[in-house]
Amino acid sequence: MPEIKESNSRNIPGIAECQLQCFPASMAVLLGKKTVEKSLEWFLISDNRFLIHIEEDEKVVGFLGGFAPRFIGDGGKSGMFMHSLPETIKAFVKNPSLVMHNEIRNYAPAFVRNIAIRFLNNLSLKPPIQNSTDYLQCLQVSIIGVHPSFRGNGYALALMKKAEDYAALHNKQKLQLSVKQKNLPAVNMYKKAEWEISGRLKDTFQMKKQLGGIRNQNLVVEA
């Protein structure tokens, strides 16, 4: 049975390639592999973040990244975006038509705000986070994916279970993630893992899971 491994810089290209296969129409993927690789590096540069993956025949077939927020504004998507901003700008210059992508149109205000924060150092532009106390109590799952050819093997559930170990390690009592409302297979998978829908934001569900019990620190993928 393949183990769930902690990722390092050598694994980034393989994880990026898996992400390309998992979400071929997403904005992040359309920005190119170099941008994806740079955004994944964000999980490796601080001890409150983690990136894990599953390999079969030396090929990454599943991955999950998350973080334990230390302060309000310590965010996953925004952090990944800021870390990969130079590559993102290069991708837009190379392919200006990307500005018409649905995700760009939906999140253009946040895109402009993040650029302003980066270049003007104006932290007042950061939006307030609702339920801040609850946010800080949750381990945030930022990305998760399983290669289309390897779905149905329990890999996603195993990755989610392993994330619970990181939550316990960082003294977090809950886990939280966002998922597209139309991604019903993923929503149902999270519900199977005892996650609950806790809110809605635009086209996404916010889902949470309360921790309890003792976690297995030597988790492997179940067949």
Side-chain angles (χ1 to χ4, degrees), residues 1-24 26 28-29 33-34 36-69 76-77 79-80 83-84 138-179 183 185-195 207-223:
M1 292 184 293
E3 296 182 4
I4 297 176
K5 301 179 179 180
E6 292 190 2
S7 309
N8 56 46
S9 59
R10 295 188 302 275
N11 305 125
I12 290 294
I15 297 172
E17 182 59 38
C18 186
Q19 187 171 343
L20 292 174
Q21 299 300 317
C22 291
F23 311 108
S26 69
V29 169
K33 187 176 180 180
K34 288 185 178 180
V36 174
E37 289 180 353
K38 194 66 179 179
S39 68
L40 289 169
E41 287 180 2
W42 181 81
F43 293 101
L44 305 181
I45 59 178
S46 177
D47 61 6
N48 72 316
R49 307 166 195 163
F50 67 95
L51 184 64
I52 55 179
H53 69 279
I54 301 173
E55 290 184 4
E56 281 202 15
D57 299 325
E58 300 183 350
K59 175 182 179 180
V60 175
V61 298
F63 60 90
L64 182 148
F67 69 103
K77 296 296 184 183
M80 294 169 68
H83 188 72
S84 63
C138 295
L139 183 92
Q140 306 291 326
V141 175
S142 301
I143 56 170
I144 179 173
V146 174
H147 192 287
S149 298
F150 294 85
R151 291 171 183 169
N153 294 317
Y155 292 175
L157 286 173
L159 288 165
M160 298 297 292
K161 182 66 72 172
K162 187 63 175 178
E164 296 179 25
D165 294 337
Y166 284 92
L169 180 66
H170 290 282
N171 298 313
K172 303 297 182 182
Q173 300 303 311
K174 305 174 187 177
L175 296 94
Q176 181 171 271
L177 59 78
S178 295
V179 59
N183 190 354
V187 173
N188 291 333
M189 184 273 291
Y190 297 139
K191 288 181 176 179
K192 183 178 180 180
E194 300 180 344
W195 288 65
M207 300 189 72
K208 292 182 182 178
K209 181 176 182 178
Q210 178 75 45
L211 284 182
I214 300 175
R215 305 299 169 192
N216 179 7
Q217 299 297 321
N218 299 312
L219 183 69
V220 296
V221 178
E222 297 180 358

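Residues Lys172 and Leu211 form no side-chain contact, since every pair of their non-hydrogen atoms from C-beta on lies 4.5 Å or further apart. Looking only at side-chain heavy atoms (C-beta outward), Ile54 and Phe150 stay at 4.5 Å or farther from each other. Two residues are said to be in side-chain contact when any heavy atoms from C-beta on lie closer than 4.5 Å; Tyr166 and Glu6 meet this criterion. Using a 4.5 Å heavy-atom cutoff, the side chains of Glu55 and Pro2 are not in contact. Counting heavy atoms from C-beta outward, Leu64 and Ile4 have side chains that stay 4.5 Å or more apart. Looking at heavy atoms from C-beta onward, Val60 lies out of side-chain contact with Glu17 at the 4.5 angstrom threshold. Inter-residue side-chain proximity for Phe50 and Leu169 is flagged as unmet; no heavy-atom pair is nearer than 4.5 Å. Taking 4.5 Å as the limit, some side-chain heavy atom of Glu164 sits within range of a side-chain heavy atom of Lys209.
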* Where do Phe43 and Met80 land on the side chain to side chain contact (heavy atoms under 4.5 Å, CB included) test, with the steps shown first? -> CA-CA 8 Å; Phe43 293 101; Met80 294 169 68; 3.5 Å; yes
* Asked: Passes side chain to side chain contact (heavy atoms under 4.5 Å, CB included), Ile144 versus Tyr190? Steps please.
  -> CA-CA 11 Å; Ile144 179 173; Tyr190 297 139; 3.2 Å; yes
* How far apart are the C-alpha atoms of Lys38 and Glu41, what are their side-chain angles, what is the distance that settles it, and do they pass the salt bridge (Lys or Arg N to Asp or Glu O under 4.0 Å) test? -> CA-CA 5 Å; Lys38 194 66 179 179; Glu41 287 180 2; 3.3 Å; yes
* Checking side chain to side chain contact (heavy atoms under 4.5 Å, CB included) for the pair Ile12/Leu44: CA distance, chi angles, key distance, verdict? -> CA-CA 10 Å; Ile12 290 294; Leu44 305 181; 3.9 Å; yes
* Asked: Checking side chain to side chain contact (heavy atoms under 4.5 Å, CB included) for the pair Gln19/Leu40: CA distance, chi angles, key distance, verdict?
  -> CA-CA 10 Å; Gln19 187 171 343; Leu40 289 169; 3.9 Å; yes
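Here NZ of Lys174 is found 5.5 Å from NZ of Lys208. Values are rounded to the nearest 0.5 Å. One distance of note links OG of Ser84 with CH2 of Trp42; it measures 11.5 Å at 0.5 Å rounding. Considering CG of Asn48 and CD of Gln140, their distance stands at 11.0 Å, rounded to 0.5 Å. From Met207, atom CE reaches atom OG of Ser178 across 10.5 Å, with rounding to the nearest 0.5 Å. Once rounded to the nearest 0.5 Å, the distance linking CG of Asn188 with CG of Asn183 reads 9.5 Å. In this structure, Glu194 CD and Lys161 NZ are separated by 6.5 Å, a value rounded to the nearest 0.5 Å.
For Phe63, the ring-ring contact (aromatic ring centres under 6.0 Å, His included) test picks out no residue, with sequence neighbours left out.
For Asn153 (side chain) and Tyr155 (main-chain N/O), no donor-acceptor pair under 3.5 Å exists by modelled atom type.
The only member of Leu51, Val36, Leu177 that meets side chain to side chain contact (heavy atoms under 4.5 Å, CB included) when paired with Ile143 is Leu51.
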